[in-house]
S.K.: 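Just dropping this structure here.
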Amino acid sequence: LYIGDGETHDDALIGTCRIKREDQWVEVTMYSYDELISTFAKEFNDSEDPEEDAMEWIDYNVMGAYMGIHTPYIVYN
């Protein structure tokens, strides 16, 4: 998962899955929600609550985004 400045969040990568979107089967990457919070929290380390800020950012910019049929699948642990 590449976000903005080219930083990767591969530590949160679980693998891939095959799902049906827009009437076709596609293989997409799967990410752990909890691990995404951990990796994004590093980017918010100057804030008062890095994990909360990371969670809000992920919920709006990743979970709330549809990037086409290959949008990553987020797994809640």
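Residue numbers start at 1 and run along the sequence shown. All values below come from the heavy atoms of this structure, side chains included, with hydrogens, waters and symmetry mates left out.
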S.K.: Does a sphere of radius 6.0 Å around CD in E51 hold more than 12 heavy atoms from other residues, nucleotides or ligands, not counting ones at 6.0 Å or beyond?
M.R.: no
S.K.: Test of understanding: with side chain to side chain donor-acceptor pair (under 3.5 Å), list the residues that count as partners of D59, not counting sequence neighbours.
M.R.: Y33
S.K.: Does the side chain of E43 reach to within under 4.5 Å of the side chain of H9, using non-hydrogen atoms?
M.R.: yes
S.K.: Does any part of the side chain of I19, heavy atoms only, come nearer than 4.5 Å to the side chain of R21, both counted from C-beta?
M.R.: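 Of all side-chain heavy-atom pairs linking I19 with R21, at least one is under 4.5 Å.
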S.K.: Does E48 have more than 12 heavy atoms from other residues, nucleotides or ligands lying within 6.0 Å of its CD?
M.R.: no
S.K.: Could you tell me the separation between the CZ atom of F40 and the CG atom of N45, rounded to the nearest 0.5 Å?
M.R.: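 Answer rounded to 0.5 Å: 14.0 Å.
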S.K.: With no hydrogens and no angle check, do the side chains of T39 and D11 hold a donor and an acceptor under 3.5 Å apart?
M.R.: no
S.K.: Throw together a table of side-chain donor-acceptor distances under 3.5 angstrom for residues 62-73, partners on residues two or more places apart or in other chains.
M.R.:
| unit_1 | atom_1 | unit_2 | atom_2 | d |
| --- | --- | --- | --- | --- |
| Y66 | OH | E22 | OE2 | 2.5 |
| Y66 | OH | G68 | O | 3.4 |
| Y66 | OH | I69 | N | 3.4 |
| T71 | OG1 | M67 | N | 2.6 |
| T71 | OG1 | G68 | N | 3.3 |
| T71 | OG1 | G68 | O | 2.6 |

S.K.: Between CG of L36 and CH2 of W57, what distance do you get to the nearest 0.5 Å?
M.R.: 10.0 Å
S.K.: If you compare all heavy atoms of M30 against all heavy atoms of L13, which two are closest, and at what distance to 0.1 Å?
M.R.: O-CD1, 3.4 Å
S.K.: I need the minimum non-hydrogen distance between P50 and A41, along with the two atoms involved.
M.R.: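 Scanning both residues, the minimum pair turns out to be CB-O, 3.6 Å.
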S.K.: Would you compute the distance between atom CG of D34 and atom CE of M55 and round it to the nearest 0.5 angstrom?
M.R.: 8.5 Å
S.K.: Please tell me whether Y76 and V28 are part of a single hydrophobic cluster in this structure, the criterion being side-chain heavy atoms less than 4.5 Å apart.
M.R.: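 No.
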S.K.: Of T29, I74, V75, which is the lone residue that meets side chain to side chain contact (heavy atoms under 4.5 Å, CB included) with I14?
M.R.: V75
